[in-house]
Amino acid sequence: MSQLKIFNTLHREKQPFVPIEEGKVGLYVCGMTVYDYCHIGHARVMVVFDVVARYFKYLGYEVKYVRNITDIDDKIIARAAEAGEDFTDLTKRFIDEMHQDEASLNVLHPNEEPLATNSIDSIISMIETLIDKGNAYAGPNGDVYYSVESFDNYGQLSGRKLDDMNAGERVEVDENKRNPFDFVLWKSAKPGEPFWPSPWGNGRPGWHIECSAMATCCLGNHFDIHGGGMDLQFPHHENEIAQSEAATGETFVNTWMHNGFVRIDDEKMSKSLGNFFTVREVLKKYRGEEIRFFVLSSHYRSPLNYSDESLNEARSALERLYTALRGVTPIANEVKSDYVERFEAAMNDDFNSAKAISVLFECANEINKLKADNPELAAKTTSDLLVMAEPLGLLYQNPDEFLQSTTGSDEAISNDDIKAKISLRLEAKADRNWGLADQIRDELKEQGVIVEDKGQETTWRRE
RNA sequence: GGCUGAGUGGCAGAGUGGUUAUGCAGCGGCCUGCAAAGCCGUGUACAGCGGUUCGAUUCCGCUCUCAGCCUCCA
């Protein structure tokens with residue numbers, strides 16, 4: 001079998017994955033800042049790394065998957081102030097919402113989900129270490145900063161040099177910093193802001209330090225894979241490396257993985273541009289599995305353009321796969337089929353889900369051909385299809401349930417009414433009253449129900 | 001200005017130094033009372049210009065276009 005290769009942002013090439021400890025993998029992903037609903041970009045991160053975790057399990061690894069929650073930061077404070085509520089009420093609410101979205105997308109829960117506010121002690125102790133080692137300093141305003149010049153390899157991940165960067169390009173240079181690219185480790189509290197006591201006074205952690213603290217706490221000073229969206233490469237992940245490696249003296253992470261953006265009209269979907277769709281908005285029109293298929297239909301590092309057409313295609317594609325599964329009871333296949341081999345080869349090539357999915361379609365085609373002539377082989381091939389779908393988190397529903405479920409919140413004809421009409425139509429057919437039979441079929445079609453005759457049986461599905 | 005990445009058939013989207021991606025849509029056929037689903041067949045795609053090569057969409061160079069990052073961001 002081919003070996004798993006992963007594109008490592010740190011080296012800008014695909015590299016064979018070698019775990020630090022045999023048979024185990026530690027995975028840390030930067031999760032949500034919980035001040036609003038998840039949008040499709042967040043859904044992509046969740047789904048992509050869910051597949052990474054699932055596929056490692058499929059390969060037999062023991063996976064420890066950690067995805068943090070940032071539950072204290074400037075935006076959270078601002079939103080809570082706007083709403084006139086305690087920031088913890090706000091974050092608790094959006095954590096619950098996030099978990100609902102996660103479930104809708106069939107994303108398995110990470111093994112650990114640490115909160116920044118539960119990690120204050122380890123954050124403070126890491127900052128103390130950085131000050132002791134000369135990598136951090138308290139500014140005249142009481143904030144504590146990391147000194148980028150104190151870390152020789154600063155810029156290794158994002159491939160940039162301090163000299164090449166334009167300080168003050170977008171944000172005014174802060175006079176409290178020794179170097180404009182120094183970043184905050186500890187931010188002193190203004191009146192009315194939430195705070196924790198620290199050796200530098202009351203305040204809260206900066207954005208980057210929490211991830212260094214949580215990652216090393218949960219997975220150790222040196223672990224296998226760290227992931228997140230492309231935009232976190234710089235400065236967030238660059239700063240995480242600088243903090244963690246300066247504090248521990250060890251290599252922080254072996255493999256860095258970054259997923260591409262979701263776009264709308266060829267522009268990045270983001271909160272700041274305001275061009276985002278939330279997961280729950282899209283769920284009004286499309287099933288969670290359709291969103292999931294859409295995300296996995298292109299490679300995780302490529303841009304992914306969001307549109308109704310794309311979601312409609314995902315729907316058609318899933319209908320085809322579920323139609324193949326319909327009416328077959330899978331029987332475990334004792335030999336590893338050529339399909340599964342090719343599926344693994346695709347996934348081993350930097351989690352190429354798009355290519356892997358093409359194998360699912362070929363497998364579905366084979367099932368359709370075998371159904372009539374060779375039920376036993378059809379059943380085994382069906383099992384193959386489900387074996388491949390599992391690490392992708394797809395095809396987890398009963399085919400009829402999927403095909404007959406409603407796709408949105410619109411008012412739809414009930415299953416009972418559909419069945420009643422189909423009974424009438426079967427009587428008409430028995431009388432060879434084709435006019436009436438076709439009329440009933442047309443009526444159902446208008447209500448989004450497709451009727452299909454198979455010999456004496458009639459099945460139905462929703463469009 | 002610095003640094004990334006990308007440009008594939010009607011659309012989406014993989015991939016490869018010479019041979020079918022895959023899905024949707026289209027066209028023809030089989031099946032069907034008719035459909036639907038399914039099956040079979042069907043498309044001289046690889047931004048442009050040079051170079052390397054027996055041969056390049058695939059490697060190299062240049063040009064053009066697009067997107068992203070350069071302390072909000074998944």
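Residue numbering restarts at 1 for every chain, and letters A, B, ... go by the order of the sequence lines.
Among the protein residues, A:N239 comes within range of no part of the nucleic acid, since none of its heavy atoms lies under 4.0 Å from any strand. If you check every strand for non-hydrogen atoms under 4.0 Å, A:M269 touches a base. Contact annotation for A:D438: base contact, defined as any heavy-atom pair under 4.0 Å involving a base atom. Nucleic acid contact class of A:R425 (heavy atoms, under 4.0 Å, all strands): base. A:D74 comes within 4.0 angstrom of nothing in the nucleic acid, heavy atoms only. Residue-level contact check: A:V359 touches neither bases nor backbone, having no heavy atom under 4.0 Å from any strand. A:F361 comes within contact range of the sugar-phosphate backbone alone, with a heavy-atom separation under 4.0 Å but no base atom that close. Nucleic acid contact for A:V29: none, since no nucleic acid atom lies under 4.0 Å from a heavy atom of the residue. Among the heavy atoms of the strands lying under 4.0 Å from A:K268 is at least one base atom, whether or not backbone atoms are also near. No engagement by A:K161 is indicated, since no non-hydrogen atom pair under 4.0 Å with the nucleic acid exists.
Distance A:N275 CG to B:C73 P: 16 Å, rounded to the nearest Å. Between the CG atom of A:L318 and the C1' atom of B:C24 there is a distance of 13 Å, rounded to whole Å. Straight-line distance from the CG atom of A:L311 to the C1' atom of B:G23: 15 Å, rounded to whole Å. A:Y322 has its OH atom 19 Å from the P atom of B:A37, to the nearest Å. The nearest whole Å value for the distance from the CG atom in A:D373 to the P atom in B:C40 is 12 Å. Spacing between atom CZ of A:F234 and atom P of B:C72 amounts to 10 Å, rounded to whole angstrom units. Rounded to a whole Å, the NZ atom of A:K355 is 16 Å from the C1' atom of B:G23. When rounded to the nearest whole Å, the span between OH of A:Y154 and P of B:G2 equals 20 Å.
On the C1' atoms, B:G38 is 48 Å away from B:C49, given to the nearest whole Å. Rounded to the nearest Å, the gap between the P atom of B:G7 and that of B:C60 is 14 Å. Taking atom P in both B:G18 and B:A74, the straight-line distance is 42 Å, to the nearest Å. A distance of about 14 Å separates the C1' atoms of B:U20 and B:G9, rounded to the whole Å. B:C70 and B:C54 have their P atoms separated by 47 Å, given to the nearest Å. To the nearest whole angstrom, the two P atoms, one in B:U16 and one in B:G10, are 23 Å apart. Distance noted for atom C1' between B:C64 and B:U71: 33 Å (whole Å). Between B:G23 and B:C39, the two P atoms lie 9 Å apart (nearest whole Å).
One N or O donor and one acceptor, one from the side chain of A:K75 and one from the base of B:C72, sit under 3.5 Å apart. Judged by atom type and distance alone, A:R44 does not reach the base of B:A74 through any side-chain donor-acceptor pair under 3.5 Å. Evaluation of atom-type donor-acceptor distances gives no pair under 3.5 Å for the side chain of A:K454 against the base of B:U32.
The side chain of A:E362 has B:U22 as its nearest neighbour among B:A37, B:U22, B:C34. Closest to the A:V262 side chain, of the nucleotides B:U71, B:G33, B:A74, is B:A74. You'll find that the side chain of A:P235 is closest to B:U71, out of B:G33, B:U71, B:C40. The A:F181 side chain lies nearest to B:U71 when the options are B:A36, B:C34, B:U71. Taking every side-chain heavy atom of A:N368 into account, B:C39 is the closest of B:G33, B:C39, B:U71.
A close approach under 4.0 Å does occur between a side-chain nitrogen or oxygen of A:N352 and OP1 or OP2 of B:G15. For A:W460, no side-chain nitrogen or oxygen approaches OP1 or OP2 of B:A37 to under 4.0 Å. At B:C40, one or more side-chain N or O atoms of A:K369 fall inside 4.0 Å of OP1 or OP2 (strictly under the cut-off). Remark: A:R320 is not in phosphate contact with B:U22, judged by side-chain N or O atoms under 4.0 Å from OP1 or OP2.
Electrostatic pairing of A:E97 and A:R93 does not count as a salt bridge here, judged by no charged N lying under 4.0 Å from a carboxylate O.
Checking A:S358 against A:V451, the closest nucleotide of RNA chain B that is more toward the 5' end is the one next to A:S358.
Between A:H236 and A:H208, the ring planes are tilted. Angles from 30° to 60° get that label. Classification of the A:Y58-A:Y55 ring pair by plane angle, with boundaries at 30° and 60°, yields parallel. Under the 30°/60° scheme for interplanar angles, the aromatic rings of A:H258 and A:H237 are found to be tilted.
The side chain to side chain contact (heavy atoms under 4.5 Å, CB included) search around A:S405 returns A:R287, not counting sequence neighbours. Residues passing the side chain to side chain contact (heavy atoms under 4.5 Å, CB included) test with A:E463, sequence neighbours excluded: A:K445, A:I450.
A side-chain donor from one of A:S337 and A:D384 sits under 3.5 Å from a side-chain acceptor of the other. Residues A:D50 and A:Y65 have side chains that never bring a donor and an acceptor to within less than 3.5 angstrom of each other.
For the pair A:R67 and A:F49, the cation does not sit on the ring face, since its NZ or CZ is not both under 6.0 Å from the ring centre and inside 45° of the axis. For the pair A:K177 and A:Y145, the NZ or CZ position fails the cation-pi test of under 6.0 Å to the six-membered ring centre and within 45 degrees of the ring normal.
Remark: ring of A:W434 stacked against base of B:G33; centroid gap under 5.5 Å, plane tilt under 30°.
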Its contact letters, B for base, S for sugar-phosphate only and - for none at protein heavy atoms under 4.0 Å, make nucleotides 3-13 of chain B read SS------B-S

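Ring centroid separation for the pair A:F252 and A:F223 comes in under the 6.0 Å cut-off.
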